[in-house]
Amino acid sequence: MLPRKRGVDAGEVQDLHNKAPRPAAPAPAQHQDKDDRPDMAARAPEIDEDLHSRQLAVYGRETMKRLFGSNVLVSGLQGLGAEIAKNLVLAGVKSVTLHDDGKVDLWDLSSNFFLSEKDVGQNRAQACVPKLQELNNAVIISTITGDLTKEQLSNFQAVVFTDISIEKAVEFDDYCHSHQPPIAFIKSEVCGLFGSVFCDFGPEFTVLDVDGEEPHTGIVASISNDNPALVSCVDDERLEFQDGDLVIFSEVHGMTELNDGKPRKIKSARPYSFTLEEDTTSYGTYIRGGIVTQVKPPKVLKFKTLKEAIKEPGEFLMSDFSKFDHPPLLHLAFQALDKFRTELLRFPIAGSADDAQKLIDFAISINESLGESKLEEIDKKLLQHFASGSRAVLNPMAAMFGGIVGQEVVKACSGKFHPLYQFFYFDSVESLPVEPLEASDLKPENSRYDAQISVFGAKLQKKLEQSKIFMVGSGALGCEFLKNLALMGISCCENGKLTVTDDDVIEKSNLSRQFLFRDWNIGQPKSTVAATAAVAINPKLHVEALQNRASPETENVFNDAFWESLDAVVNALDNVTARMYIDSRCVYFQKPLLESGTLGAKCNTQMVIPHLTENYGASRDPPEKQAPMCTVHSFPHNIDHCLTWARSEFEGLLEKTPTEVNAFLSNPSGYATAARTAGDAQARDQLERVIECLDRDKCETFQDCITWARLKFEDYFANRVKQLTFTFPEDAMTSSGAPFWSAPKRFPRPLEFSSADPSHLNFLLAASILRAETFGIPIPDWAKNPKKLAEAVDKVIVPDFQPKQGVKIETDEKATNLSSASVDDAAVIEELIAKLEAISKTLAPGFHMNPIQFEKDDDTNFHMDLIAGFANMRARNYSIPEVDKLKAKFIAGRIIPAIATSTAMATGLVCLELYKVLAGGTRLKTTGTHLQTSQSPSSPWRSLCHPRQSSTRTCPGLCGTAGP
């Protein structure tokens, strides 16, 4: 029998202010299978931002650096261990050591996607290494194939065991718990449709950031001189503070005593106000301004050892409150299984009533030994299900728990997010077929699906193989789904078919999550590469890969006959528009839709079943709040406003205007006719920009580009601010007598250019290079030399600026266009057309411009350099905190935070529902899932609920009724 070894993660911060991880220790060479293993200490924690940008958006630099310095042991390489290792390698830990002394058998092929039939008989750990290494060459992967000693655990920051006896786990955990510094210990098991996780991160573990969210902020409108003081904030956005939160104040005018940086506790938190537990009667009188920011203090958790926690588990973490009695019973069940395996040296046989009764007897015996804390009732039917499928490691369960455990390792190594404390039990017993299973239907068939057959029976396995599935999308969710479906045997016969479509191609940033892709696949179609990789996992998979976007324009491809042939639809999409379209088609054709999505460390799933649940489009999130146009252009008060403006200016200068120039040059008469037809302020402004680009701002040399960039700097960050503050002086009043520059408005100051300021020079460098690109001007070698660039910039003559009277600056928050209409727009447009036609005659034959489309994921193209420069110079105008280029990329590039662990968990949960859909059952759940908590250790950070029922409606063209 395979020695059972289950893993644990550990990491400790020595005090609340020490945020550095403990140094990574290289594993001793004598315990490795390869003598030429590289020295781990030699690896510098450098972050490839192109590769890890989505992960950086979740974790941040400091957490990523801690991960890059962490060594992790994963013991037990069946399906669960393989999933955990996959997630850790994608996350980019320093090293992953695989431990397993067992050999590959056919049962492993049900859940371990690294293995194939040719690996049967080889050591499990060693067989996984080649494909695991392909996921991330920067991670050191090694193996231990012999017995594991507790002394070897000292080489790791976290250890994870997925197949270990309780006796051995207690021994290892005691060692990890008492080690200095402690080693994070995680023990996790998947037994059929049941799973468990136990975490012990040491006697005292410091959580540096309990929820990973940005600190909440508010803009102060008034502060009273009272005890307690009432703080009111502007009604621009609702406050997210809660009673008991700590906050600090800054930029308060008048009541400057609050600007001391001291954290203050708040109470009576309301949407736009709160009270301070402080007497401000003797403070200065509040005048204006002020930012209030939440302080997130570290939290210390004291973990019990496994030996203590088994006897006194405390409060179990609940995921499904309809199964309130399951976790205590499963706590007994896993102990009973351990006793069964220890005494009989095997798992219970699937469908064996005798073996199930033995396990029940063990559970009853353990329960009786608990004295007053014993359970009053034991659900024997649940224990029978547990015993029958206990040997099987099902792929959906392995994927789900692989996501959970992988995330716990990240928490242990980094202190980011609140860890699981300490036991978590989960079951999906409702995924079993509605009809009772006969023991004969559970017998192994000497196939790769034997583990799944031992739980669901051969009849359902045939249904899975014959199913016709449509999967829309093959990105992060799609890669996980394809892997899961291939392992489950979905569409794995001639009568079955899996159709996958995605019109996107592979980019470098995909590789940190979309694990079916490799760096040599960059630029290739996602669907084709993913489908090919899935067939490599299971050669019997019958899959067709398409590059069509599922939309009204492709209904000739995805026609009525196609939709009517389907058994189910799986969404793996990343936008609401596409989800709404697929949802509408599923409603029309009455097809089950399995929906899921992720956002950073959070994920959710939704099952849409005809006549049973509401459809995806039946409820929608409120629209995302947009800042008023006048706020973005003239009155920004946060960095998001600055970056929105920066992105708009980038696109206007480098993409839209050059595109308009080319449109005119390719068809001058047609362009002029269109401008005359429009005859409005927008057409007038467009013509003025084209003329400006081809006349006053036309560049022929790189020095011209530098001149253009320098004058743009002066215009944006000096002249416009001077004009704004001339029109609205600092003491200006509104028509109602209130100060014009009251919160949330911030009074700006013009910048004075200096070639000695690196940020000024970097802005000019990026602007000059991109301007040169639009005109096809070569970039000289000296351009990137700061000294020579400064010399070139200093040659530019900048004209003096005098603010003008009567300049209209939009202040109406409801305005949607900054262009002001004029009664003589038509006449002006005629003059501009004539001028443009005259200018065009001076251009060289064949002249055209090169519009630049914003590309956020190439750090060498200067796009983000310019946008970050735009935003930070503007932020400097308004005394708004600046951001680095990476943070600017997240906001301006509208990057959706994403990590592999939440994707794995979402797809595992969906596939548990897919069993029910294809079996014809109706016991479904809608699942909302979070891999971290923002509350107490026992809070339900993972919750399941029943879906809302469908409403009856008449569908045009269909007889009868259909639920969504």
Side-chain angles (χ1 to χ4, degrees), residues 54 57-58 87 211-213 317-323 396-397 399-404 406-407 417-418 420 424 426 428 430-431 471-473 475-481 484 513 568-583 586 592-609 612-624 896-917 923-935 939-950 964:
R54 276 59 175 175
V58 181
N87 293 331
D211 60 9
E213 303 290 341
L317 186 60
M318 295 298 299
S319 62
D320 186 346
F321 286 93
S322 68
K323 299 178 178 178
M397 290 290 291
M400 174 190 167
F401 274 84
I404 295 172
Q407 192 65 22
F417 302 124
H418 200 298
L420 192 156
F424 173 67
F426 174 87
S428 186
E430 64 276 0
S431 293
M471 195 179 84
V472 191
L477 287 166
C479 284
E480 286 282 351
F481 275 129
N484 294 354
R513 306 171 323 284
V569 179
V570 177
N571 265 355
L573 292 163
D574 61 359
N575 67 89
V576 173
T577 302
R579 286 183 168 106
M580 294 293 290
Y581 173 73
I582 296 299
D583 176 64
C586 289
L593 171 64
L594 290 83
E595 168 61 47
S596 58
T598 70
L599 179 64
K602 306 170 187 174
C603 65
N604 74 283
T605 71
Q606 180 181 351
M607 305 305 119
V608 179
I609 310 300
L612 182 66
T613 71
E614 71 173 8
N615 66 312
Y616 175 82
S619 60
R620 304 189 191 184
D621 292 334
E624 191 172 324
I896 305 299
I899 49 177
T901 50
S902 53
T903 306
M905 189 173 181
T907 56
L909 287 163
V910 168
C911 289
L912 288 173
E913 303 299 323
L914 185 58
Y915 284 128
K916 307 173 194 177
V917 171
R923 297 177 298 181
L924 304 163
K925 289 193 185 301
T926 300
T927 310
T929 308
H930 301 268
L931 289 177
Q932 88 282 359
T933 179
S934 58
Q935 301 176 37
S939 65
W941 55 278
R942 191 175 291 110
S943 61
L944 288 81
C945 62
H946 290 284
R948 292 175 62 181
Q949 294 183 350
S950 64

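Owing to the predicted nature of the structure, the values given are computational and were not obtained by experimental measurement. Note that these values count all heavy atoms, side chains included, but never hydrogens, waters or copies made by symmetry.
L599 pairs by the side-chain contact (heavy atoms from CB on, under 4.5 Å) definition with I896, P897, not counting sequence neighbours. In this structure, the side chain to side chain donor-acceptor pair (under 3.5 Å) partners of S428, at least two apart in sequence or on a different chain, are S431.
Note that CE of M580 and CG of N615 are 7.5 Å apart. Values are rounded to the nearest 0.5 Å. In this structure, SG in C911 is found 12.5 Å from CE in M397, a value given to the nearest 0.5 Å. For the atom pair I609 CD1 and K916 NZ, the distance stands at 9.5 Å (nearest 0.5 Å). Remark: T907 OG1 to L914 CG distance equals 11.5 Å, nearest 0.5 Å. Atom OG1 of T903 sits about 12.5 Å away from atom CZ of R54, to the nearest 0.5 Å.
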Could you walk me through whether L912 and F426 satisfy the side chain to side chain contact (heavy atoms under 4.5 Å, CB included) test, starting with their C-alpha distance in whole Å, then the side-chain angles of each, then the deciding distance to 0.1 Å, before giving a yes or no? CA-CA 12 Å; L912 288 173; F426 174 87; 4.0 Å; yes

Does L594 form a side chain to side chain contact (heavy atoms under 4.5 Å, CB included) with E913? I'd like the steps, not just the answer. CA-CA 8 Å; L594 290 83; E913 303 299 323; 4.3 Å; yes

Apply side chain to side chain contact (heavy atoms under 4.5 Å, CB included) to R579 and Q606, showing your working. CA-CA 12 Å; R579 286 183 168 106; Q606 180 181 351; over 6 Å; no

For residues 570-577, run the donor-acceptor check on the side chains, cut-off 3.5 Å, and write out each pair with its distance to 0.1 Å, sequence neighbours left out.
residue	atom	partner	partner atom	Å
N571	ND2	E595	OE1	2.8
N575	OD1	T577	N	3.4
N575	OD1	A578	N	2.8

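The two atoms that bring T598 and C603 nearest to each other are CG2-CB, 3.9 Å, heavy atoms only.
At a threshold of 4.5 Å between non-hydrogen side-chain atoms, the residues P396 and Y915 count as touching. The shortest side-chain heavy-atom distance between S596 and L477 falls under the 4.5 Å cut-off.
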